[in-house]
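For reference, the structure discussed in these notes is given below.
Just so you know, ligand 1 is whichever comes first in the structure, and atom 1 is the first atom listed for that ligand.
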Amino acid sequence: MTIDFRSDTVTRPTTAMRTAMAQADVGDDVFGDDPTINKLQDFAASMFGMEAGLYFPTGTQSNLAALMAHCQRGEEVIVGQQAHTYKYEGGGGAVLGSIQPQPLNNKPDGSLDLAEVEAAIKPDDSHFAITRLIALENTIGGKVIGRAYMADAIALARRRGLSIHLDGARVFNAAVKLGMPVKDLCTGFDTVSACLSKGLGAPAGTVLVGKRDVIERARRIRKMVGGAMRQAGVLAAGGLYALEHHVDRLAEDHANAQRLAKGLAAAGIASDPVQTNMVFAAFPKEICKPLQEHLRSKDMLCFIDARTRLVTHLDVDAAGVDAFVAEVGAFLSQNARSLSRAAAAGA
Ligand SMILES: *Cc1c(COP(=O)(O)O)cnc(C)c1O
């Protein structure tokens, strides 16, 4: 069985999820006729305490539609340098929406300095783009941003007449870590985008939730960019199953990430403090490539780097973590022996 720490996007649908998908009632969703998609959208909206939901094929498209639903051409979004919507989505907001990003450095905890956010809001002056939106992300780089900060950011947006979007691709990881329902964590955002295809384990799909008027604008954009699918209830059933059954179990992924970091530490590999399902580990540069190759030969997949991201998920259990740690430990000690042999031979 492959042990794959490359991402939490690599999960396969479980047997129960596949059954739900196979049995899904479907219809043409462009006509609003797919009962499973409608159910997913309503269920997601109610989980977030929002008026409406909209199903998207990907998180990238959901974020794009949200940005474009909030901002017109020549308007601006304030966003983190490390934010997925800014850094990892091909510049879609700028390319397709003519939305100017105003990136700000993320603080070490992943948040934006709200004084910097406020200072970046442009005055009403024809020299400037019109600042329209703040976009945050939670979790970001596996780090949880707490409710108090988010409430302050929402209050700032309200005070300055801006909209506020949350890229909550992994917001359920944040909510589980904080021990609060997503509804309480996200109340006050105009829109939240939540991936079903990451830790939640659905094969595809993201849901955007928010106020009804924004969601209706996003629906038009989804159609424009080719994301309005037909009998996609087959897919949405996986997402619905994930929301119903796979939220609380994210705690297991978090525990496994802790276990992984602890195991690596015992093998001499240090990691950043682990908050959710991501471990950022520091491997000696010279062993990265051979170690990655060695692990691949054992059917263990990861991108080993000086700063290695290892992500836990539904398809890796504690035994898998232990097997991986043992393999890394064995490789390191073998390597140390051959290194010291080489040193001895040279002496
Ligand atoms: C994965 C991810 C997305 C995009 O999701 P895709 O479905 O891969 O397009 C957006 N934001 C964040 C924070 C993500 O991790």
Side-chain angles (χ1 to χ4, degrees), residues 4-11 13 40 44 53-70 77 79-97 99 101 103 106 109-112 133-145 150 164-177 182 185-186 189 191-210 218 221-222 225-227 229 232 235-236 238-239 242-243 250 253-254 257 275-280 303 309-314:
D4 193 341
F5 285 124
R6 290 173 302 171
S7 178
D8 48 6
T9 56
V10 300
T11 57
L40 167 67
L54 189 63
Y55 186 57
F56 283 83
T58 65
T60 299
Q61 194 179 76
S62 171
N63 277 327
L64 173 67
L67 259 57
M68 290 178 68
H70 289 297
V77 54
V79 65
Q81 289 278 7
Q82 303 307 321
H84 202 280
T85 47
Y86 174 62
K87 194 173 177 184
Y88 299 104
E89 296 180 7
V95 174
L96 301 166
I99 299 161
N106 292 88
D109 70 359
S111 69
L112 301 179
L133 178 69
I134 300 171
L136 300 179
E137 185 173 318
N138 199 9
T139 61
I140 179 162
K143 290 178 182 150
V144 176
I145 299 187
M150 306 240 274
I164 184 161
H165 170 70
L166 181 69
D167 178 356
R170 296 188 177 88
V171 71
F172 285 100
N173 293 88
V176 165
K177 176 68 183 184
V182 283
L185 183 57
C186 298
F189 280 96
T191 43
V192 180
S193 174
C195 282
L196 306 166
S197 57
K198 295 201 169 151
L200 295 183
T206 282
V207 67
L208 180 69
V209 295
I221 294 153
R222 185 186 70 170
V225 296
M229 298 182 285
L235 269 181
L243 287 178
L250 291 172
D253 299 345
H254 300 172
Q275 294 191 16
T276 55
N277 67 333
M278 289 186 195
V279 176
F280 289 89
F303 302 116
R309 187 189 81 159
L310 301 163
V311 189
T312 56
H313 52 75
L314 192 56

Using a 4.0 Å heavy-atom threshold (strictly under), name the region of [X] that reaches ligand 1: side chain, backbone, both or neither.
{"X": "T85", "value": "neither"}
{"X": "S193", "value": "neither"}
{"X": "T60", "value": "both"}

When you measure from [atom] to every protein heavy atom, which one gives the shortest distance, and what is it?
{"atom": "atom 6 (P) of ligand 1", "answer": "G59 N, 3.4 Å"}
{"atom": "atom 10 (C) of ligand 1", "answer": "H84 ND1, 3.2 Å"}
{"atom": "atom 11 (N) of ligand 1", "answer": "D167 OD2, 2.6 Å"}

- Kindly identify the option in E89, K198, E137, K87 whose heavy atom sits closest to atom 14 (C) of ligand 1. K198
Show me which atoms of ligand 1 lie under 4.0 Å from any heavy atom of [X].
{"X": "N63", "value": "10 (C), 11 (N)"}
{"X": "C195", "value": "5 (O)"}
{"X": "R170", "value": "15 (O)"}
{"X": "T58", "value": "7 (O), 9 (O)"}
{"X": "A169", "value": "2 (C), 11 (N), 12 (C), 13 (C), 14 (C), 15 (O)"}

- Task: Answer yes if the side chains of H313 and D4 hold a donor-acceptor pair under 3.5 Å, and no otherwise.
- Result: no
- Message: Can you see whether S193 engages S62 through a side-chain donor-acceptor pair at a distance of less than 3.5 angstrom?
- Response: yes
Can you give me the closest heavy-atom contact between [X] and [Y], atom names plus distance?
{"X": "D253", "Y": "L314", "result": "OD1-N, 3.7 Å"}
{"X": "D8", "Y": "G199", "result": "OD2-N, 3.7 Å"}
{"X": "T206", "Y": "T58", "result": "OG1-C, 3.5 Å"}
{"X": "V95", "Y": "G90", "result": "CG2-O, 3.9 Å"}
{"X": "F172", "Y": "A194", "result": "CE1-CB, 4.1 Å"}

- Message: Using 0.5 Å steps for rounding, measure from the OG1 atom of T11 to the NZ atom of K198.
- Response: 11.0 Å
- Task: Work out whether the distance between some heavy atom of Q61 and some atom of ligand 1 is less than 4.0 Å.
- Result: no
- Task: Determine yes or no for a side-chain-to-main-chain donor-acceptor pair under 3.5 angstrom, with E137 supplying the side chain and H84 the backbone.
- Result: yes
- Item | N or O pair under 3.5 Å between T139 and ligand 1 | no
